[in-house]
**Student:** 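Below is the structure I would like to discuss, written out as structure tokens.
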Amino acid sequence: IMLASVALAAMMAALAASTGGVLARGSSAAQEAVTIGVDADPTDNTATSLGPIDTCVSVSSGDTFQVDIFVTDVVDLLAWETYFSYDTAVIKITDRDVMMFQAGNPGSQVFDASEGLPDIDGRHRIAAADISDPPAPDSGSGVLARLTLEAVASGVSPASLSAVDVNG
């Protein structure tokens, strides 16, 4: 059996509400910089707390493993959206769970607005919104989504997050 080395290089991106990546309720002028990124080894993460952030992981071909999409220092989060880019020749997304950070507040009603699986183009839209009434915004740091990936071949797959401006 040939071992595959799959390295996920996490690329952190600071997103402001104006990018469409993270939507916060109310004014964000006094808010610290919100960071959204990829943790390649989510072992010590929970929905509402983060362990060390790992930038890569090595697995064997055929292995299933998880990575976390995390947020830090967000205030009054109601909805978010990002795109997870990766090499489809090396890994594939087999599952996704967005019922984490936003589901932590009592009364939350999280709606998964992500695109369907399987993803075949190497750019997977992940999005969620808390549609509870009254609103139950979330603040702090935690895991927005946990992706389950499968190593399908030997190689290195970069992993990055980006917001997409759909209307210029």
Side-chain angles (χ1 to χ4, degrees), residues 8 10-55 57 64-86 91-149 159-168:
L8 296 177
M11 182 174 166
M12 310 296 209
L15 298 176
S18 63
T19 66
V22 176
L23 301 177
R25 184 174 175 225
S27 173
S28 62
Q31 181 173 323
E32 293 181 39
V34 174
T35 302
I36 184 171
V38 178
D39 186 354
D41 183 1
T43 303
D44 296 324
N45 296 345
T46 68
T48 57
S49 69
L50 300 172
I53 303 301
D54 297 294
T55 58
V57 64
T64 299
F65 60 103
Q66 294 178 321
V67 299
D68 282 350
I69 308 303
F70 68 87
V71 66
T72 63
D73 302 321
V74 71
V75 176
D76 291 338
L77 179 71
L78 288 173
W80 61 275
E81 175 181 32
T82 192
Y83 288 78
F84 180 75
S85 298
Y86 62 99
I91 60 175
K92 71 177 179 179
I93 302 172
T94 61
D95 200 8
R96 167 195 65 246
D97 181 6
V98 299
M99 302 300 172
M100 301 195 71
F101 181 70
Q102 285 187 288
N105 274 349
S108 292
Q109 186 177 350
V110 180
F111 175 74
D112 185 347
S114 306
E115 71 177 291
L117 290 171
D119 183 76
I120 58 172
D121 64 1
R123 190 165 189 213
H124 185 65
R125 184 175 65 85
I126 310 163
D130 188 341
I131 58 172
S132 60
D133 188 20
D138 298 281
S139 297
S141 300
V143 178
L144 294 172
R146 181 162 287 160
L147 302 178
T148 302
L149 307 176
S160 63
L161 297 179
S162 62
V164 174
D165 185 355
V166 295
N167 64 0

**Student:** Once you round to the nearest 0.5 Å, how far does CZ of Arg96 lie from CG of Leu117?
**Tutor:**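 CG of Leu117 is found 4.5 Å from CZ of Arg96.
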**Student:** Please give me the minimum heavy-atom distance between Ala145 and Trp80, naming the atom from each residue.
**Tutor:**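 Looks like CB-CH2, 3.9 Å.
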**Student:** To the nearest 0.5 Å, tell me how far Met100 CE sits from Phe70 CZ.
**Tutor:**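 If we round to the nearest 0.5 Å, Met100:CE and Phe70:CZ are 13.5 Å apart.
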**Student:** Do the non-hydrogen side-chain atoms of Leu77 and Leu144 ever get within less than 4.5 Å of each other?
**Tutor:**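 Of all side-chain heavy-atom pairs linking Leu144 with Leu77, at least one is under 4.5 Å.
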**Student:** So, applying salt bridge (charged side-chain N to carboxylate O under 4.0 Å, His left out) with Arg146, which one of Asp95, Asp68, Asp41 is it?
**Tutor:**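 It is Asp68; the other options fail the test.
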**Student:** Counting C-beta onward and ignoring hydrogens, is there a side-chain heavy-atom pair between Ile93 and Tyr86 closer than 4.5 Å?
**Tutor:**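 They are in side-chain contact.
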**Student:** Identify the heavy atoms of Gln102 and Leu78 that sit nearest to each other, and give their distance.
**Tutor:**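 Heavy atoms of Gln102 and Leu78 come nearest at NE2-O, 3.0 Å.
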**Student:** So among Val75, Asp76, Val74, Asp130, which one has a side chain to side chain contact (heavy atoms under 4.5 Å, CB included) with Pro137?
**Tutor:**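 With Pro137 as partner, Val75, Asp76, Val74, Asp130 yield a single side chain to side chain contact (heavy atoms under 4.5 Å, CB included), made by Asp76.
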**Student:** Rounded to the nearest 0.5 Å, what separation is found between the OG atom of Ser139 and the CZ atom of Phe101?
**Tutor:**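 Those atoms lie 6.5 Å apart.
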**Student:** If you look at every heavy atom in Asp73 and Ser141, which pair is closest and at what distance?
**Tutor:**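 Heavy atoms only, the tightest pair is N-OG, 3.1 Å.
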**Student:** Apply side-chain contact (heavy atoms from CB on, under 4.5 Å) to Asp121 and list each qualifying residue two or more places apart in sequence or on a separate chain.
**Tutor:**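 side-chain contact (heavy atoms from CB on, under 4.5 Å) list for Asp121, sorted by chain: Asp119, Arg123.
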**Student:** Return the minimal non-hydrogen interatomic distance between Pro42 and Gln66, and the atom names on each side.
**Tutor:**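 So the two residues come closest at CD-O, 3.2 Å.
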**Student:** When rounded to the nearest 0.5 angstrom, what distance separates CD1 in Ile69 from CG in Leu147?
**Tutor:**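 Those atoms lie 4.5 Å apart.
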**Student:** List the steps and the verdict of side-chain contact (heavy atoms from CB on, under 4.5 Å) for Val143 and Leu50.
**Tutor:** CA-CA 7 Å; Val143 178; Leu50 300 172; 4.0 Å; yes
**Student:** Does any part of the side chain of Phe84, heavy atoms only, come nearer than 4.5 Å to the side chain of Leu161, both counted from C-beta?
**Tutor:**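 Yes. Closest side-chain heavy atoms under 4.5 Å.
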**Student:** Taking only residues two or more places apart in sequence or in another chain, which ones pass side-chain contact (heavy atoms from CB on, under 4.5 Å) with Ala127?
**Tutor:**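 Partners of Ala127 by the side-chain contact (heavy atoms from CB on, under 4.5 Å) criterion, ordered by chain and then number, come out as Glu81, Ala113, Arg125.
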**Student:** Can you list the residues that meet the side-chain hydrogen bond (donor to acceptor under 3.5 Å, both in side chains) rule with Ser49, with sequence neighbours excluded?
**Tutor:**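 By the side-chain hydrogen bond (donor to acceptor under 3.5 Å, both in side chains) rule, Ser49 matches Thr46.
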**Student:** Tell me if a side-chain donor or acceptor on Asn45 pairs with a main-chain N or O of Gly51 at a distance below 3.5 Å.
**Tutor:**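 Flag set: sc Asn45 to bb Gly51 pair under 3.5 Å.
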**Student:** Closest approach of Ser108 and Ala103, non-hydrogen atoms and distance?
**Tutor:**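 Where Ser108 meets Ala103 most closely, the heavy atoms are CB-CA, 4.1 Å.
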